[in-house]
Amino acid sequence: MSASTSTPHLPAYAAILRHAVLLVTGALVLIPFVWMVSLSVKPPGEIFRAHFSLWPSQFYGVENYTKALTEAPLLRYMGNGLIVCTLILGLQIIVCAPCAYALAKLRFAGRDLLHGLVLIGLLLPHQVLSLPLFILCYQLGILNTYAALVFPYVVSPFGIFLFRQFFKAIPDDVVHAARLDGLSELAIIWRIMVPMALPAVIAFSIFSVVGHWNDLFWPLIAVRDQSLMPPPLGIMAFKNEEAGNDYGPLMAASTLVVLPLVIAFLAAQKWFVEGLAKGAVK
Amino acid sequence: MSGPLALSSASDERSTTRSDRTSPTPAASSARRRVLKEALAAWTLAGPAVFFLFVLFFVPMIGVFIIALTDWQFGARSLSFVGLANFREVFADHGFRTSLFNTVIYVLIVVPGTLVLGLLTALLIESGNSCRSFYRAIHFLPFMATLTAMAIAWEALLHPTIGLVNQTLAAIGLPTANWLRDDKTALSVLAVIDIWQNLGYAMVLFLAGLKSIPQDLYDAADVDGADLWLDRLCTVTLPMLGPVSMFVVIVVALRAFESFDTVKVLTQGGPGHASEMLLYTLYRESFEYLHTGYGAAVAVVFLAIVVTLTLIQARLMDRKVHYQ
Amino acid sequence: MAACSFQSITKSFGPTPVLRGVSLSIADGEFLTLLGPSGCGKSTLLRILAGLEVQDAGSVSIGERAVDGLRPKRRDVAMVFQSYALYPHMTVASNVALPLRMRRLSAFQRFPLLGRLLPGTARTAAEIDVEVTRTCKSLGIGHLLDRKPGQLSGGQRQRVAVGRAMVRHPAVFLMDEPLSNLDAKLRVQMRAEIKELHQRLGVTFIYVTHDQAEAMTLSDRVAVMLEGELLQVAPPQVIYADPDDRRVAEFIGSPKINMFDGVVREHGLIDVAGSTLAIEVDALAGAPLTLGIRPEAFHLADHGGPGALTGSVRMVEHIGSDLFVHLDLAGVDHPLVARLLAERAPHIAPGQDLHLRVFPDRVLLFTRDGRRLRRRVESGRASVTPIRELAR
Ligand SMILES: Nc1ncnc2c1ncn2[C@@H]1O[C@H](COP(=O)(O)OP(=O)(O)OP(=O)(O)O)[C@@H](O)[C@H]1O
Ligand SMILES: [Mg+2]
């Protein structure tokens, strides 16, 4: 028993109180999830009965989930989400890492200016730019395609910012040694810097994927075709079609949309918390 | 790629003229060639990012300002400057004023709520050793979950007849409400959902802040006699969390300002304008009513608020270690 | 003011034992230093006395009182931390005032904001202010009362930390490496100030350090600790000249003591490093032992032969008054280091052969497992060279 490490050893009553309070707040926080899952396995009759139980007397999950997957192209939505997130993340890393490397490790006229531009970019909320971006996509003729969903996010000021920070922490000698070994600048970036800054890459990936998987605003503007919709937009469309009354399948669909990130989060909690906490500067 | 190329040749020119004035010994010229080569490499590497930064950030930003100052409409072939007419229209509009007012109220509910609940959960979690990551995971879960989907779950929860909330209230004899359709409750309910979503985020930031408080300070407080819970809290914990708290306030305020998904999915700004907020106004005017100039003016106002908040945040970040 | 004592304290962190049965008594008003290498458990022992850590077994008393299980606040000890642990958001005055506020104001009076409105708070606070100002003035930081710790130099912070410890007149003063964050010059200065403070206050000081110079200059007694055990507790001179244990001898002194394995040839003679030294020892012929010879226990000899150690000079270091000669001896794997007076050894160059003799009564004998072998009363055979003249 250690008297005062960073956490004092609580007396028994305080420890119990701590657990009690946290379990209650935790339960409150979880209610929407529980309710969602619970409705997703209930038949309509039970949902509209005016008294509630968590678990249905008649398990209706199969029907609801089947309906969610067949009446709405839910798998298609999730596939879209996957494609869009992957494309965005890949392009962001390809575009941002070299720029971050130049900012961190090369000396050139205009470096401070460029860094300033990145910081200004960091400050601009994307929604403000939606109108001109919409016009731009229209001019390029890419509205209502995957390209429209991906294009505005090709460069991420936050990515440049984060990578630059990590690259700066890598000693210059590593770069010099690599040059002496005959590596080109691009090879230094992809073979040395990015692997060494892997924590930053992971943090950024989580930040980016979570952000774009969950984004509703831009897809709402950029695509109309159901076949292109990412999950949030898709599920909103599903809700509007069903007039919001067929709760079972709607909740099943919501559950399926939320599930991938929740599973990933539970599997790699530490990484998620870290990656998203870093995003606080964004 | 015209952007970076033009820039790199400009820097070439500059260094050439500068070196002409100095003595061009062979060593100096080879050093100059190396500098040039490095600059060229740098601009080539940064080129794509610079290009897209301009195309996707700076040109659109200028575009927003221009549109806000003109009478341009989608599809129109011509435009003329109308000065601040759009802004005058925006500020004269009762709908916009309501929206701005609602947003401020909303932020004023969400920020303290998130801050206090996030801090309390962080303090509770950190006050013991067991189940830390379990509790952290639970409270953080809403932050990651797709808000659009969770909004639908909340709608079911808040359903006037079959929702859990009203059923529970009725069961214990409290008055029920049609939460999302009542102009007295709609905005607050959205704020509660926002708090629910962000409290885990605030908690995580506070947990990081708590971790960085040196153990020595608690030891010193013990020896000095500040060993009761409240004394420790006031002597060490809260003062040391000061900088983090300011940071959390700004971050949460920014997120609250940018709330959109719940409005769109749950209330569409209604009933009436009761839950209409800035970003939703921006969206609706720009893309549903195609009220382009008006939308752009709203965007400028929105940008001004967000930039102000972010600059405050940047100042705070600079002084994050201001005790030292 | 109070004496303190530890009785058979043990403590483990997880499976690793950190303290293995430490017993120690400290007299009232004594300056005791806990000296030992990093990680040997010094801080842990100190923290157990302060009540910041709980021992697994054994008991601690301060004065006549067993304090096991008492909170730090109730033990009447004050502590200066290595990092100073000043509250960064409070001014110097509030830092120093805190221990008094915590003791003299009730929990209600301390309540944020509202407490100030309660009767008596203002008067007590004013009294505290007076004492704080007096304490700070006596430490020469009276002009810094309104500064925050972040705006102070290292030495000033150190003084604030001392002030915070001093202000409530504790029975025991605990200091955990209080000087280790200062630069060398300031360290020497603050060392003198701490010594003076001890003399002025006259209370018990327990001081933790891994710096021998601090231990030697400050303490009444030094407790040498190694791997969670106390090896010897004695005044500094005794620790240096008459160590109980090989490890103590090796830890104290710089350059390190020379250790040679030897074998007793017959009564009064020991074979060591290819030579035979005349040293009294209570051991049978053939007994293996280890000789510890401090660098300054050597003196130059004109010629080799019995009683002298001969080797070739590897390196010479001049430090002004003295010089350190590193000598390779035949059959010994580590060089011998001797400290010679510069004026008596004018021309020594690497490569040259050198003969050294030893003052026999300054040779420390150990069994091979490290226990000290003490000779009986010094015999008349001891060298006639005036030892005092050579000893520093
Ligand atoms: N809270 C703790 N948890 C686990 N191990 C600890 C803890 N505190 C100390 N130790 C271990 O106990 C041993 C003794 O630590 P202690 O701090 O007492 O050493 P020390 O003699 O003060 O060293 P130093 O001179 O470096 O301060 C070390 O090996 C350390 O790693
Ligand atoms: Mg220590």
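In what follows, every chain begins at residue 1, and chains take the letters A, B, ... in the order their sequences are listed. Computed from a prediction, not measured in an experiment: that's the story for all the values here.
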Legend entry - Residue among A/V21, A/L114, A/V210 with most heavy-atom pairs under 4.5 Å to chain B: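 The candidate making the most pairs under 4.5 Å is A/L114.
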Inset, instruction - Give, as side chain, backbone, both or neither, the part of B/L53 having an atom under 4.5 angstrom from any heavy atom of chain A. - result: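 Contact with chain A is through both the backbone and side chain of B/L53.
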Inset, instruction - Would you give the length of the straight line joining atom CH2 of A/W213 to atom OG1 of B/T146, rounded to the nearest 0.5 angstrom? - result: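 OG1 of B/T146 is found 7.0 Å from CH2 of A/W213.
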Legend entry - Stepwise side chain to side chain contact (heavy atoms under 4.5 Å, CB included) test for A/Y153 and B/L56: CA-CA 8 Å; A/Y153 300 105; B/L56 298 174; over 6 Å; no
Inset, instruction - Just give me the residue among A/I135, A/L136, A/D215 that pairs up with chain B most often, heavy atom to heavy atom, under 4.5 Å. - result: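 Looking at each option in turn, the highest pair count goes to A/I135.
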Inset, instruction - Hey, could you give me the CD1/CD1 distance between A/I235 and B/I152, rounded to the nearest 0.5 Å? - result: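 It is 4.5 Å, given to the nearest 0.5 Å.
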Inset, instruction - Pick one of side chain, backbone, both or neither for B/V248, based on which atoms fall under 4.5 Å of a heavy atom in chain A. - result: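 It is neither, since no heavy atom gets under 4.5 Å.
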Inset, instruction - Please work out whether the ring planes of A/H126 and B/F57 are parallel, tilted or perpendicular, with thresholds of 30° and 60°. - result: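 Perpendicular, since the angle between the ring planes exceeds 60°.
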Legend entry - Non-neighbouring partners of B/E38 that pass side chain to side chain contact (heavy atoms under 4.5 Å, CB included), sequence neighbours left out: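 Here the qualifying residues are A/L106, A/R107.
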Inset, instruction - Please state whether the side chain, the backbone, both or neither of B/L279 comes within less than 4.5 Å of a heavy atom of chain A. - result: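 Contact with chain A involves both backbone and side-chain atoms of B/L279.
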Legend entry - Max heavy-atom pair count under 4.5 Å with chain B, selected residue of A/L256, A/L233, A/I189, A/I221: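 Highest number of heavy-atom pairs under 4.5 Å: A/I221.
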Legend entry - Atom of B/A156, atom of A/Y247 and distance for their closest heavy-atom approach: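 Here B/A156 and A/Y247 meet closest at CB-CE2, 3.8 Å.
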Legend entry - Approximate separation, where rounding is to 0.5 Å, of B/T148 OG1 and A/F217 CZ: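 CZ of A/F217 is found 12.5 Å from OG1 of B/T148.
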Legend entry - Heavy-atom pair of closest approach, residues A/P32 and B/M150: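 Looking at all heavy atoms of both residues, the shortest contact is CB-CE, 3.9 Å.
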Inset, instruction - Would you confirm whether the ring centroid of B/F287 sits within less than 6.0 angstrom of the ring centroid of A/W218? - result: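 When the ring centroids of A/W218 and B/F287 are compared, they turn out to be at least 6.0 Å apart.
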Inset, instruction - For atom CZ of A/R224, decide whether the heavy atoms of other residues, nucleotides or ligands shown that lie under 6.0 angstrom number more than 12. - result: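 No, not enclosed.
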Legend entry - Structural part of B/V64 lying under 4.5 Å from a heavy atom of chain A: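 The answer is both parts of B/V64.
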Legend entry - Close side-chain approach of B/F54 and A/V155, heavy atoms under 4.5 Å: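 Counting from C-beta outward, B/F54 and A/V155 never come under 4.5 Å.
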Inset, instruction - Please examine the side chains of A/L30 and B/L141, heavy atoms only from C-beta on, and report whether any two atoms are closer than 4.5 Å. - result: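 Result yes, sub-4.5 Å side-chain heavy-atom pair found.
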Inset, instruction - Give, for atom CG of A/L133 and atom CE of B/M61, the distance between the pair rounded to the nearest 0.5 Å. - result: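 If I round to the nearest 0.5 Å, the distance is 12.5 Å.
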Legend entry - Contact class of A/Q127 relative to chain B, heavy atoms under 4.5 angstrom: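 Contact with chain B is through both the backbone and side chain of A/Q127.
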In a table with atom names and distances, give each donor-acceptor pair under 3.5 Å that connects a side chain of residues 259-270 of chain A to protein atoms at least two apart or in another chain.
from: A/Q269; atom 1: OE1; to: B/R136; atom 2: NE; distance (Å): 2.9
from: A/Q269; atom 1: OE1; to: B/R136; atom 2: NH2; distance (Å): 3.0
from: A/Q269; atom 1: NE2; to: B/S133; atom 2: O; distance (Å): 3.3

Inset, instruction - Between chain A and each of B/F58, B/F143, B/W154, count heavy-atom pairs under 4.5 Å; write down the option with the most. - result: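 Winner by heavy-atom pair count: B/F58.
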Inset, instruction - For each of B/A42, B/C131, B/G63, tally heavy-atom pairs with chain A at distances under 4.5 Å, and name the one with the top tally. - result: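 Top option by heavy-atom pairs under 4.5 Å: B/A42.
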Inset, instruction - Begin with the C-alpha distance, continue with both residues' side-chain angles, and end with the deciding distance and a verdict on side chain to side chain contact (heavy atoms under 4.5 Å, CB included) for B/V265 and A/L216. - result: CA-CA 10 Å; B/V265 175; A/L216 174 67; 4.2 Å; yes
Legend entry - Closest non-hydrogen atom pair between B/I162 and A/W35, with its separation: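 Reported closest heavy-atom pair: O-CZ2, 3.6 Å.
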Legend entry - Rounded distance (nearest 0.5 Å) linking atom CE of B/M203 with atom OG1 of A/T25: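 Reported value, rounded in 0.5 Å steps: 9.5 Å.
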Legend entry - Selection from A/V154, A/V118, A/L39 maximising heavy-atom pairs under 4.5 Å formed with chain B: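 Winner by heavy-atom pair count: A/V154.
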Legend entry - Residue-level contacts of residues 93-102 of chain A with chain B, using a heavy-atom cutoff under 4.5 Å: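 Answer by number: A/V95, A/P98, A/C99, A/Y101, A/A102.
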Legend entry - Within-4.5 Å side-chain heavy-atom neighbours: B/V59 and A/P132: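 Contact flag for B/V59/A/P132 side chains = no.
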Legend entry - Residue pair B/L124 / A/R18: nearest heavy atoms and the distance that separates them: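 That closest heavy-atom pairing would be O-NE, 2.7 Å.
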Legend entry - Residue pair B/F134 / A/L22, side-chain heavy-atom distance below 4.5 Å: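 Not touching, per the 4.5 Å side-chain cut-off.
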Inset, instruction - Evaluate the side-chain proximity of B/V55 to A/F151: yes if any heavy-atom separation is below 4.5 Å, no if none is. - result: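 Answer yes - side chains close enough.
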Legend entry - Spatial distance of atom CG (A/L123) from atom CG (B/L303) [nearest 0.5 Å]: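 Interatomic distance, A/L123 CG to B/L303 CG, rounded to 0.5 Å: 7.5 Å.
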Legend entry - Winner by heavy-atom pair count (cut-off under 4.5 Å) against chain A, out of B/I138, B/L157, B/L117: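 The option with the most such pairs is B/L157.
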Legend entry - Which atoms of B/F257 approach chain A - backbone, side chain, both or neither, heavy atom under 4.5 Å: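 Neither; nothing under 4.5 Å.
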Inset, instruction - Taking the side chain as every heavy atom from C-beta outward, state whether A/S130 and B/L282 have any atom pair closer than 4.5 Å. - result: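 SC-SC contact between A/S130 and B/L282 confirmed.
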Legend entry - Contact check, side chains of B/Y135 and A/L23, non-hydrogen atoms, under 4.5 Å: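 Side chain of B/Y135 against side chain of A/L23, heavy atoms only: contact under 4.5 Å found.
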Inset, instruction - Keeping the roles fixed (side chain from A/N214, backbone from B/M144), state whether a donor-acceptor pair exists under 3.5 Å. - result: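 Yes.
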Legend entry - Minimal non-hydrogen separation, B/S286 against A/L131, with atom names: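 Closest approach of B/S286 to A/L131: CB-CD1, 3.9 Å.
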Inset, instruction - Could you tell me which portion of A/L17 (side chain, backbone, both or neither) has an atom closer than 4.5 angstrom to a non-hydrogen atom of chain B? - result: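 No part of A/L17 comes within 4.5 Å of chain B.
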Inset, instruction - Please list, chain by chain and in numerical order, all residues satisfying side chain to side chain contact (heavy atoms under 4.5 Å, CB included) with B/S259, sequence neighbours excluded. - result: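 So B/S259 forms a side chain to side chain contact (heavy atoms under 4.5 Å, CB included) with B/Y106, B/D194, B/M277.
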Inset, instruction - Determine the minimum heavy-atom distance between A/P125 and B/F302, stating which atoms define it. - result: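 Taking every non-hydrogen atom into account, CG-CE2, 4.2 Å.
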